[in-house]
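Below is one structure, written out as structure tokens; the observations come after it.
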Amino acid sequence: MTAVQDAPVRTGAPPRHGGRRRRVPPLVWAFLLLPLAVELFWVFWPALNSFSLSFTEWNGVGAAKPVGFENYERMLADPIFATAFRNNVIWAIGFGGLSVAGGLALAVALNRPGRGVGIYRSAIYLPMVISLAVTGLFWRVMYQPGGPIDAGLGAIGLGSLQQQWLANPDTALYAVLIAAVWRQVGYIMVLYLAGLKGCDPSLEEAAAVDGANAWQRFWRVVMPQLRGVNTVVFAVTVIDSLRTFDIVWAMTRGGPYNTTQLLSTYMFQQGFTLVNLGYGSALAVVIFVLAIAFIITYLVRQARAEEG
């Protein structure tokens, strides 16, 4: 018999490489579990409470009175809720469309080396650093009678357009919308700039050699490479449009005559001004469901498009 045949045969699990399995240090567990506990306490627990409170009538004192689906039935007959819902649709289209179009155009224009490009990028992004409440107060000064906007219109011969922008029911919502887009467009620009930096320039150069013009190269070559960024931008704009509160509350508080009410401002008014916490919680649930529905629908369509 050979030496190989005489060697004992080992059975069982193979030996572990690298010695004993390393234990996770307690400090790492602390860094993981403490933020999770804070998130559960400050985010998930209040969210679950909102769902349960939406089926009750409660003013914050004493025990909540169960009312079933009465709060949701009340919404269907509430004219202010209908106005807020319609305004949210207008806001989502205008806020999302103008922010994305403006941010993408600025990103394409500033995605090139040159003197002062960094200064332009910083100046455009600067409003995003300012809080929404301060932005609202700034634009209230801009829109006030005899303010910078009216003065500018008068200087270029359009004095007939001067008016009380935030007191006119026909212009108040769109005046606040412009202020919100002014702040948001810099953030969208930064997202698209990051996406454009990751695009393959050789593909665009090959398309140019094949005779494609600038628009064809952008639409057929660059935009498909920005699919991941588009998903992030869509999610951000939908969520921001549904939870917009600070700037509207700082500029109009939902007025005049509830013409600038959004679901978020109406929820705050019902929950914390009128202390109708059950109805306010029902409005919060509607906002949550709308945001989740829009985002999931978009992600499913994107996944199907990629598979196809």
Side-chain angles (χ1 to χ4, degrees), residues 39 42-43 87-144 147-149 152 165-166 172-199 222-223 225-254 260 262-265 267-268 287 290-291 294-295 298:
E39 190 83 2
W42 288 107
V43 177
N87 288 344
N88 252 114
V89 173
I90 296 172
W91 190 274
I93 296 172
F95 179 77
L98 293 175
S99 298
V100 172
L104 180 58
L106 289 170
V108 172
L110 297 176
N111 186 37
R112 60 192 65 184
R115 181 177 298 178
V117 171
I119 297 176
Y120 290 131
R121 293 175 182 171
S122 301
I124 294 169
Y125 184 76
L126 182 62
M128 194 66 194
V129 180
I130 305 171
S131 71
L132 281 167
V134 175
T135 301
L137 295 175
F138 168 76
W139 278 89
R140 280 185 65 178
V141 174
M142 295 287 289
Y143 281 124
Q144 68 182 2
I149 291 180
W165 299 96
L166 298 178
L173 179 65
Y174 302 102
V176 179
L177 179 61
I178 290 173
V181 170
W182 172 80
R183 182 180 184 273
Q184 184 78 0
V185 71
Y187 179 50
I188 303 299
M189 178 198 71
V190 170
L191 292 178
Y192 274 119
L193 275 174
L196 289 171
K197 295 297 182 184
C199 291
V222 176
M223 280 302 291
Q225 298 181 74
L226 296 176
R227 184 171 298 170
V229 179
N230 288 332
T231 301
V232 174
V233 168
F234 178 82
V236 167
T237 53
V238 168
I239 293 173
D240 284 350
S241 65
L242 288 173
R243 69 180 181 88
T244 298
F245 167 78
D246 310 62
I247 192 166
V248 178
W249 195 257
M251 293 181 69
T252 64
R253 293 185 179 271
T260 60
L262 300 178
L263 292 176
S264 57
T265 59
M267 175 198 68
F268 181 86
I287 295 173
L290 288 174
F294 272 110
I295 293 172
Y298 179 78

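Each residue takes its place number in the sequence, starting with 1. Since we're looking at a predicted model, the values are computed, not measured.
The neighbour count for Phe294 CZ, taken as heavy atoms of other residues, nucleotides or ligands under 6.0 Å away, does not exceed 12. Atom CZ of Arg121 has more than 12 neighbouring heavy atoms from other residues, nucleotides or ligands inside a 6.0 Å radius. Shown here is Phe138, whose CZ atom has more than 12 heavy atoms of other residues, nucleotides or ligands within 6.0 Å.
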Candidate pair Leu166 and Trp139, rule side-chain contact (heavy atoms from CB on, under 4.5 Å), full reasoning = CA-CA 10 Å; Leu166 298 178; Trp139 278 89; over 6 Å; no

May I have the step-by-step check of side-chain contact (heavy atoms from CB on, under 4.5 Å) for Leu98 and Val185, ending in yes or no?
-> CA-CA 8 Å; Leu98 293 175; Val185 71; over 6 Å; no

Would you sort out whether Val108 and Tyr192 count as a side-chain contact (heavy atoms from CB on, under 4.5 Å), showing the intermediate values?
-> CA-CA 8 Å; Val108 172; Tyr192 274 119; over 6 Å; no

Can you check side-chain contact (heavy atoms from CB on, under 4.5 Å) on Trp249 and Leu132, steps first, answer last?
-> CA-CA 10 Å; Trp249 195 257; Leu132 281 167; over 6 Å; no

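The main-chain N or O of Phe234 is found under 3.5 Å from a side-chain atom of Thr237 such that the two form a donor-acceptor pair.
For Trp165, the side-chain hydrogen bond (donor to acceptor under 3.5 Å, both in side chains) partners two or more places apart in sequence, or in a different chain, are Asp150.
Rounded to the nearest 0.5 angstrom, Ile124 CD1 and Leu106 CG are separated by 4.5 Å. Interatomic distance, Phe268 CZ to Phe245 CZ, rounded to the nearest 0.5 Å: 4.5 Å. The OG1 atom of Thr260 lies 11.5 Å from the CZ atom of Arg253; values are rounded to the nearest 0.5 Å. How far CG of Asn87 is from OG1 of Thr265: 8.5 Å, rounded to the nearest 0.5 Å. Note that the CE atom of Met223 and the CG atom of Leu104 stand 6.0 Å from one another [nearest 0.5 Å].
When all heavy atoms of Val141 and Pro148 are compared, the pair lying nearest together is O-CD, 3.5 Å.
Ile247 has its side chain out of reach of Arg183: every pair of non-hydrogen atoms, C-beta onward, lies at least 4.5 Å apart.
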